[in-house]
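Below you'll find the structure, written out as structure tokens, and then a few comments.
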Amino acid sequence: MPNQTILVTGANGEIGHGLIQYLAEQDGTKIVALDLHPLDETIQRKCHRMVIGDILDNGVLETLFSAHDFDTIFHLAALLSTRAERQPPLAHRVNVDGTLNLLEVAVTQSRLQGREIKFIYPSSIAVYGLPNLHIKQDAGKIKENAWTESRTMYGINKLYCEQLGRYYANFYRQLDVEVTKGRVDFRCLRFPGLISADTLPTGGTSDYAPEMLHHAAQDKPYACFVREDTRIPFMAMPDAITALLSLDSAAREKLSSHVYNVGAFNPSAGEIYGRIRRAFRDAAVTFSPDAKRQAIVDSWPGDVDDSAARADWGWQPAYDFERAFAEYLIPAVTRRYESPSGN
Ligand code: SER
């Protein structure tokens, strides 16, 4: 993606941090970062411009789009599932209205300029809603179109925005008399729980895995809010970034869908603890399930079928469970907490 202008919303979040580091290594790429909060300095230095603002503020978006001709938008800003459950109307505003605002300015710019703008959107395993544990265990790897009756605000928001994206890509203003050339090229990934060595997520329900790791590395006890046998898919952050960049650079004619599952590994919470304990022998994790958060995780799939992503654009995770911990998470998290600044 050389010489591109890229907008990253939610730039200060978990994925934003990882993504900006990779994007900044690409020649001539101009990164414009948007977030409610100022970016960490290390990330800020890699950006052409940082804007502190809200995706709900149309004035901010219009000013941004009149100053830059964006080639690609990575729309990462969102309230995660636990936080969204505590503030459903706010989640709907940020997750749905915010996405709609961005799609609208993107399609307006693309139609004015008669060109495509790519819109890369991270969705989530939270779009799924398995009715009970039995069914979850029997269901195996879940395909994109199965079991999409989410029980969370966040999951419903994500599912609807996937549909919005498909609409903006294919049917936007379909009754217009004149056919306009530009359009939004909407591409979406359904991520599993993500685990980063550099940042902790805020407000997610898959957070028990990264929290267990970061606590162990700091020698702090951790009370895990799900049962030991709880199983959902996870992915190491470098693979999440690779997935976003690979989907972005895939030839459009290869894409048979707007929405793709991506998987990597799916350990139980107990297996995660076991692996962490091999590296941090004193790691003190207790399992004290929170029945309500447990019910959410139990409604998420134990595994996802990502064969469409593998077939269409060559998805292949580099990190399985063992490699993620041995070669990425444990070394990086150890360095992070050994350094005096904790960076
Ligand atoms: N990590 C997200 C959450 O827990 C789910 O994709 O909300």
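All ligand and atom numbering here is 1-based and tracks the order in the structure.
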How are the rings of Tyr260 and Trp313 set relative to one another: parallel (under 30°), tilted (30 to 60°) or perpendicular (over 60°)?
perpendicular
What is the ring orientation for Phe325 with Phe321, classed by angle as parallel under 30°, tilted 30 to 60°, or perpendicular over 60°?
perpendicular
Between Tyr208 and ligand 1, find which residue part has any heavy-atom pair under 4.0 Å and reply side chain, backbone, both or neither.
neither
Does a donor on one side chain sit under 3.5 Å from an acceptor on the other, for [X] and [Y]?
X	Y	answer
Glu211	Tyr222	yes
Thr152	Glu85	no
Glu162	Tyr167	no

What protein heavy atom is closest to [atom], reported as residue, atom name and distance in Å?
atom	result
atom 6 (O) of ligand 1	Ser124 OG, 2.6 Å
atom 4 (O) of ligand 1	Thr205 N, 2.5 Å
atom 1 (N) of ligand 1	Ser206 OG, 2.8 Å

Asp207, any N or O under 3.5 Å of ligand 1 N or O
no
Min N/O separation Thr82 to ligand 1 under 3.5 Å:
no
Would you mind listing which atoms of ligand 1 come within a distance below 4.0 Å of any non-hydrogen atom of Ser81?
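Taking each heavy atom of Ser81 in turn, ligand 1 has 3 (C), 4 (O), 7 (O) under 4.0 Å.
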What I want to find out is whether Lys143 reaches Asp305 closely enough, with some N-O distance under 4.0 Å, to be called a salt bridge.
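Result for this pair is yes, salt bridge flagged.
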